[in-house]
Protein chains: 2
Amino acid sequence: MVRTARFTEDDFIEATMALVAEGGPAAATMQAIARQVGAPTGSIYHRFESRAAVLGAAWNAAYASFVGALAPLLHSGRPREAALAILPWSRENARRARFLLLNEPVTLFEDTPPPAPLRQALERLEDEFDAAFRACVGACGEGDLREEALARAKFLIFDAPIAILRPHLMKGGTLPPFAERMIAELHAGMPLA
Amino acid sequence: MVRTARFTEDDFIEATMALVAEGGPAAATMQAIARQVGAPTGSIYHRFESRAAVLGAAWNAAYASFVGALAPLLHSGRPREAALAILPWSRENARRARFLLLNEPVTLFEDTPPPAPLRQALERLEDEFDAAFRACVGACGEGDLREEALARAKFLIFDAPIAILRPHLMKGGTLPPFAERMIAELHAGMPLA
DNA sequence: GGCCAACTAGACAAAGCATTCTAAAATGCC
DNA sequence: GGCATTTTAGAATGCTTTGTCTAGTTGGCC
């Protein structure tokens, strides 16, 4: 080792999340990221091979944090708790929540996909999340029936809570307490199986 | 009148929807729209003053069609039917559904907002939709309680059904029959008030 | 104390974009 | 048939972006 780095990989990742959370994917230009960190654009390319790599790394970091919060609850068979866990996670990770939950990877990476290692890492995370859902659903049904049960679980635990949160994540204020109630009520009225 | 137009306003609007539905907002460059229609780029500017105007016009058209399908049902006090109506509308308007339901206006217009007339037209549509929800919720509660009831209705009738549809709209295939069942069950288990 | 790899620094080149501009073509009307 | 005007047609312009390239700087180690 020789010269100490002024800017870490994480500095750029955090700046990217902040910019996307604030102004959408297009706001995260390499120059905007550099400006946010206080670095020249060239420095980013010492850590990331391309813009797609920065976005991909940021996405994977946010997604890993999210999956890390939910997967254990799914594996221990507590779908309701998993759904409700999205709220504290979003409150504690406001920037990540806006970045992760208000963007689709397909639009984030629409121009150029991230390099292969990042794509594979993301695929592993998605598989991990999927496996957690399957473990939670258990061995209920076969074939199409099983797929329906899985779609049901993903809706109840992931998509529906996020749909409840989305308007408030957009506005940017604090998440209202009745969000909790709505999720609980949803799970009371429409059980997993 | 003198020379007959080869390309109509609608040609460009439909092309824009198709491109965004296929490859996200960034795919709808002026040149891509022109290519899709078979026109030179300059011709677009005879009908629309800017790219934001094309996107805005496309968004308003899709949104008007959607609101037109749901608002009457809300006004006649049939929230369940309104929620279920999203399915046939999406099946009959696959391209519009992907364009409208998988994109947020905030990301679509993040760079430059559409010109004032289109913005106002969109605001009117949003007000119309909001009024339909308020009419459906009726006079239940005051102040915060009323706002909660409204958020509840919007979730049950709009956001939740779309959350159910989203994975399938993404994949692009036909919408599965169990989507209908899930929406019905959701409304059975978690009533409006 | 000097060496040298890793880094900062920012100008630069190349590509793609929205928008404009000039020229030509079409068509209802006189 | 010729004119006025709308439209097609597509090249040209200027801006913004990503990614590269050359210089110069830092700081641990011999």
Side-chain angles (χ1 to χ4, degrees), chain A residues 1-20 22-59 107-118, chain B residues 1-20 22-59 107-116 118-119:
Chain A
M1 294 296 134
V2 276
R3 176 173 180 172
T4 60
R6 275 188 60 196
F7 313 110
T8 69
E9 211 164 292
D10 260 350
D11 289 337
F12 296 115
I13 287 178
E14 286 300 320
T16 302
M17 285 187 196
L19 287 165
V20 175
E22 184 95 6
T29 68
M30 294 302 257
Q31 298 170 40
I33 296 167
R35 197 177 328 122
Q36 178 98 355
V37 171
T41 60
S43 291
I44 306 177
Y45 288 91
H46 272 272
R47 327 231 162 242
F48 300 96
E49 64 180 78
S50 66
R51 178 172 181 271
V54 184
L55 283 172
W59 183 263
T107 66
L108 214 55
F109 307 133
E110 68 197 340
D111 28 0
T112 46
L118 286 172
Chain B
M1 293 302 129
V2 276
R3 177 171 179 174
T4 61
R6 276 186 60 197
F7 313 110
T8 70
E9 211 165 291
D10 260 351
D11 289 339
F12 295 115
I13 287 179
E14 287 299 321
T16 302
M17 286 187 195
L19 286 166
V20 175
E22 183 97 7
T29 67
M30 292 302 257
Q31 298 169 37
I33 296 168
R35 198 178 326 123
Q36 178 97 355
V37 171
T41 60
S43 290
I44 306 177
Y45 287 89
H46 273 269
R47 327 224 163 251
F48 300 96
E49 64 180 77
S50 65
R51 177 172 181 272
V54 184
L55 283 172
W59 183 264
T107 65
L108 214 54
F109 306 134
E110 70 197 338
D111 27 359
T112 47
L118 286 171
R119 275 210 317 276

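In the set D:dT18, C:dA9, D:dT8, the nucleotide with an atom closest to the side chain of A:Pro40 is C:dA9. Residue A:Arg6 places its side chain closer to C:dA9 than to any other of C:dA9, D:dT18, C:dA18. Out of D:dG19, C:dT19, C:dT8, the shortest distance to the side chain of B:Thr41 is found at C:dT19. Picking from C:dT8, C:dT19, D:dT8 the nucleotide with the shortest atom distance to the side chain of A:Ser43 gives C:dT8. Considering only the side chain of B:Tyr45, C:dT19 comes nearest among C:dT8, C:dT19, D:dT20.
Separating the CE atom of A:Met30 from the P atom of C:dA15 is a distance of 18 Å, rounded to the nearest angstrom. Rounded to whole Å, the distance from NE2 on B:His46 to P on C:dT22 is 13 Å. One atom, CZ of B:Arg47, and another, C1' of D:dT8, lie 10 Å apart when rounded to the nearest Å. Separating the CD atom of B:Glu49 from the P atom of C:dT20 is a distance of 10 Å, rounded to the nearest angstrom. For the pair A:Ile33 CD1 and D:dT18 P, the interatomic distance rounds to 8 Å; values are reported in whole Å. Separating the CD1 atom of A:Ile44 from the C1' atom of D:dT17 is a distance of 13 Å, rounded to the nearest angstrom. To the nearest angstrom, P of D:dT6 lies 19 Å from CZ of B:Phe7. In this structure, B:Arg35 atom CZ and D:dG10 atom C1' are separated by 14 Å, rounded to whole Å.
B:Gln31 comes within contact range of at least one nucleobase, with a heavy-atom separation under 4.0 Å.
Heavy-atom minimum distance, B:Thr41 versus B:Gln31: CG2-CG, 3.5 Å.
Atom CD of A:Glu14 is surrounded by more than 12 heavy atoms from other residues, nucleotides or ligands within 6.0 Å.
At least one donor-acceptor pair under 3.5 Å links the side chain of A:Arg47 to the backbone N or O of A:Phe7. Side-chain N or O atoms of A:Arg51 include one that pairs as donor or acceptor with a backbone N or O of A:Ala28 at under 3.5 Å.
Position along DNA chain C of the nearest nucleotide to B:Ala32 versus B:Thr4 favours B:Ala32 as the more 5'-ward residue.
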Practice prompt. Could you please spell out the steps behind the side chain to side chain contact (heavy atoms under 4.5 Å, CB included) verdict for A:Ile33 and A:Ile44?
Written response: CA-CA 9 Å; A:Ile33 296 167; A:Ile44 306 177; 4.0 Å; yes
